[in-house]
Each structure stands twice: as C-alpha cells, then as structure tokens.
Amino acid sequence: MRFGPVSLEQAEGTILAHSLQLPTGKIAKGTLLSAQHLTNLAASGFGEVTVARLERGDLHEDVAAQALARAIVPDETAQGLRISGAGAGRVNLYAKSCGIVALDRPRLEAVNAVDPMISIATVPEYHRVDAEGMVATIKIIAYGVPEAQLSHAATDAGGALRVLPPVYRTATLIETRVSEEIPSDKGRRSMAGRLERMGMELTDRMVIPHREGELAEAIARAPGEVILILTGSATSDPIDVAPQALRDAGGQVTRFGMPVDPGNLLFIGKLGEKPVIGLPGCARSPALNGADWVLERVICGSEVTSADIAAMGVGGLLKEIPTRPLQRRSGWNGTG
C-alpha cells in the first residue's frame with residue numbers, strides 16, 4: 001500500500017486518508033474517491049488530497065478484518081461467538097450466551113506479532129461475559145495490508161478464542177448459624193444474583209447449626225448440581241468445620257485458601273461429581289471477590305485445580321472493602 005498526497009487527477013479510486021468538510025458535505029476518511037468527489041473537491045479549492053492506494057496483493061482493511069475474524073472463528077456455533085460486520089477496518093466478536101472466555105494466549109499473541117497493522121484485542125482469559133457482550137475486536141490499523149501478511153497472521157489461529165457456556169442449572173446454598181437466630185438473607189441474595197446472571201437458580205434455603213455433623217448431613221442431601229457453603233463462622237483451617245464436614249459426607253477437599261483478597265478463606269472440593277465451594281464471608285457482598293473467579297469457572301465446566309487457584313494471586317489484589325474495621329494500609333492483619 002502507498003500512502004501520501006496526490007493530485008486530484010491521480011486520486012480517483014483511491015482511499016481518502018483524512019476526513020474533509022466541504023460546502024457540499026463531509027467526505028469521511030476511508031471513502032473510495034469517485035469522480036464526483038473529485039469534482040466537489042476541485043470546486044472547493046483543493047488541488048491534492050492525502051490518500052491510501054492499494055497495490056497488487058493488498059487487501060482492503062474491511063476485507064482483511066473479516067477474513068481474520070473468520071480464520072479465528074471458523075465455527076461460530078461451536079465457539080459460542082458471533083462475528084459482526086466490518087467497518088473502518090474493524091470486526092467485533094460477541095458472545096452468543098453468558099459464560100466465560102477461554103483463549104489460547106500464545107496463538108493470539110502470534111497473530112499480533114506478524115504485522116503491527118494487524119491486531120486483535122480481547123478481554124482477559126476467564127472473563128465473565130453476558131449474551132452479546134463483546135469478547136474481542138479485530139482491527140486492521142492501516143487502510144490495507146498485504147494478503148500474504150494476513151494469511152501468515154491467520155495461520156493456526158482457528159479456535160484460539162471461545163466462550164464456555166454454563167453447564168449447570170441449579171445450586172444449593174447451605175448456610176450455617178452460630179446461634180438460634182436465622183442469619184440475614186443478604187448472602188443468599190448476593191449469591192442468587194451471581195447465579196442468575198449465569199442462568200442458574202438456587203434450590204430451597206438450607207440453614208443449619210454450625211456443627212460438623214449437621215453440615216455433613218446437609219451436604220449429603222443437597223439437591224443442587226453445585227453445592228455452596230456459607231458458614232456463620234469463618235473457616236480458618238483445612239480441618240475446620242466446613243471442609244471437614246465435606247470429608248465426613250464422603251467428599252474431598254481440593255484446596256483450602258486462595259491468594260486473592262478479598263476471598264482468602266475459600267475452599268473447593270467435590271462430592272462425587274458435584275462441585276463444592278466453601279465461600280469466604282465476602283461472598284455476602286455483591287462486590288467482586290475471589291469466589292467469583294472460582295464460581296464462574298466451575299459453573300462453565302472449566303476444571304479449577306489447586307495450581308489454578310495459586311496462579312490467581314498475580315492480579316488477585318482486588319479493591320478495598322470500605323466496611324473493614326481497618327484498611328490494609330493501616331496495618332490491619334485480618335483475613336476475609
């Protein structure tokens with residue numbers, strides 16, 4: 001592609017590089033200049049314009065963006081993505097349903113490494129999206145790129161991006177109480193909101209005493225496809241009431257504790273094929289916390305290992321919670 005000023009006599013069929021406002025109206029950048037455009041420009045006193053001229057082997061920005069989108073998303077249904085139309089060298093990718101984004105970072109980075117004029121920007125891996133939420137934008141930065149470069153960028157890019165939809169529909173939230181008083185439904189309402197946006201429902205409320213035996217029994221009879229535990233007293237050790245109750249019920253604990261704040265006191269495990277998540281106290285708030293990251297992956301059928309949780313620590317310092325008695329910067333050493 002050639003770029004620069006040309007006389008009006010040479011400008012027909014080229015691409016206008018910069019928008020121009022004429023008495024007859026605006027000519028937007030990116031416009032393919034016609035004879036009429038040139039007549040209007042001459043009448044307005046222009047002798048030359050800055051344009052882009054595609055050469056043999058070049059692809060127009062819109063054609064290139066659409067081709068790259070199709071290469072990355074060869075199967076919209078299987079990948080859970082919708083490809084938009086092209087405009088100004090841009091094509092957007094949208095989620096067809098709620099879920100989390102799975103991506104192959106090395107392959108997407110390889111796309112961006114071929115030519116600075118060929119780019120894709122995505123949301124972070126495991127980012128939660130709603131139906132029709134934008135997942136990525138493909139942008140051809142110049143007005144055209146060599147087809148050979150585009151083909152190189154598209155090599156091995158197929159399937160590097162997808163949306164994983166929820167695979168569960170129901171969850172049971174087991175709440176424990178440390179007195180005779182029934183706890184506020186604040187935690188249940190927060191969890192119901194989290195699940196609703198992922199197309200899930202809570203089963204009937206279960207509130208039991210904060211004792212190992214009663215909790216083990218409740219876990220064993222929980223009807224939901226996913227079991228969530230929110231204790232009235234913080235879980236402070238791998239053999240504390242809640243994780244031990246899961247073991248007593250015949251389940252296993254995969255991980256206790258996570259390097260995400262707020263969210264440190266989470267545990268995760270299984271009862272047969274049912275995922276079990278012991279929620280930190282901060283899950284009573286709708287604000288983002290570490291439990292959201294684990295819950296969303298679990299709901300969408302993405303395995304969450306101990307190593308996965310350990311890796312969440314980089315980027316795991318989330319915003320301060322205003323209701324803490326003292327802020328971290330004041331030296332408070334509490335956990336949540």
Side-chain angles (χ1 to χ4, degrees), residues 1-6 13-19 28-33 50-97 99-165 297 300 302 311 314-315:
M1 185 188 78
R2 289 182 291 168
F3 184 96
V6 297
T14 63
I15 302 167
L16 183 65
H18 307 126
S19 298
K29 66 178 183 177
T31 298
L32 193 68
L33 292 174
T50 301
V51 300
R53 290 172 287 179
L54 300 184
E55 299 180 289
R56 183 183 298 274
D58 286 342
L59 292 177
H60 184 273
E61 57 179 343
D62 289 348
V63 174
Q66 196 75 46
L68 182 56
R70 291 293 176 193
I72 294 171
V73 190
D75 190 330
E76 292 184 65
T77 300
Q79 292 175 243
L81 294 167
R82 177 178 67 81
I83 301 173
S84 76
R90 186 183 302 277
V91 170
N92 296 325
L93 305 180
Y94 296 96
K96 285 191 170 185
S97 70
I100 60 170
V101 176
L103 54 83
D104 187 322
R105 182 168 184 152
R107 287 200 285 156
L108 292 170
E109 287 178 346
V111 171
N112 285 329
V114 171
D115 187 320
M117 298 298 102
I118 301 171
S119 71
I120 177 170
T122 75
V123 297
E125 188 171 21
Y126 300 118
H127 181 76
R128 181 186 64 80
V129 290
D130 298 319
E132 288 303 310
M134 188 184 295
V135 171
T137 185
I138 293 165
K139 172 66 176 173
I140 304 302
I141 296 172
Y143 286 111
V145 293
E147 184 176 10
Q149 291 289 78
L150 196 283
S151 295
H152 184 192
T155 300
D156 199 34
L161 192 65
R162 66 183 62 241
V163 172
L164 304 179
R297 292 198 203 184
C300 295
S302 178
V314 177

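Nothing here was measured: the structure is a model prediction, and the numbers come from that model.
- Annotation: K96, atom NZ; neighbour count of heavy atoms from other residues, nucleotides and ligands within 6.0 Å is above 12.
- Residues meeting the salt bridge (Lys or Arg N to Asp or Glu O under 4.0 Å) test with E109, sequence neighbours left out: R105.
- The shortest side-chain heavy-atom distance between M1 and H60 does not fall under the 4.5 Å cut-off.
- With a 4.5 Å cut-off on side-chain heavy atoms, I118 and N112 do not count as touching.
- Every residue was checked against the salt bridge (Lys or Arg N to Asp or Glu O under 4.0 Å) condition with D156, not counting sequence neighbours, and none meets it.
- A heavy-atom distance below 4.5 Å is not found between the side chains of I141 and P116.
- Legend: residues meeting side-chain hydrogen bond (donor to acceptor under 3.5 Å, both in side chains) with D130, ordered by chain and number and at least two apart, are R128.
- Residues forming a side-chain hydrogen bond (donor to acceptor under 3.5 Å, both in side chains) with E132 (at least two apart in sequence, or on another chain): R82.
- A perpendicular orientation is assigned to the rings of H18 and F3, their planes being inclined by more than 60° (bins at 30° and 60°).
- Applying the side-chain hydrogen bond (donor to acceptor under 3.5 Å, both in side chains) test to D104 and every residue at least two apart in sequence or in another chain returns R107.
- In this structure, the side chains of H127 and T122 stay at 4.5 Å or more apart for every pair of heavy atoms.
- Note on residues 137-152: no pairs pass salt bridge (charged side-chain N to carboxylate O under 4.0 Å, His left out), not counting sequence neighbours.
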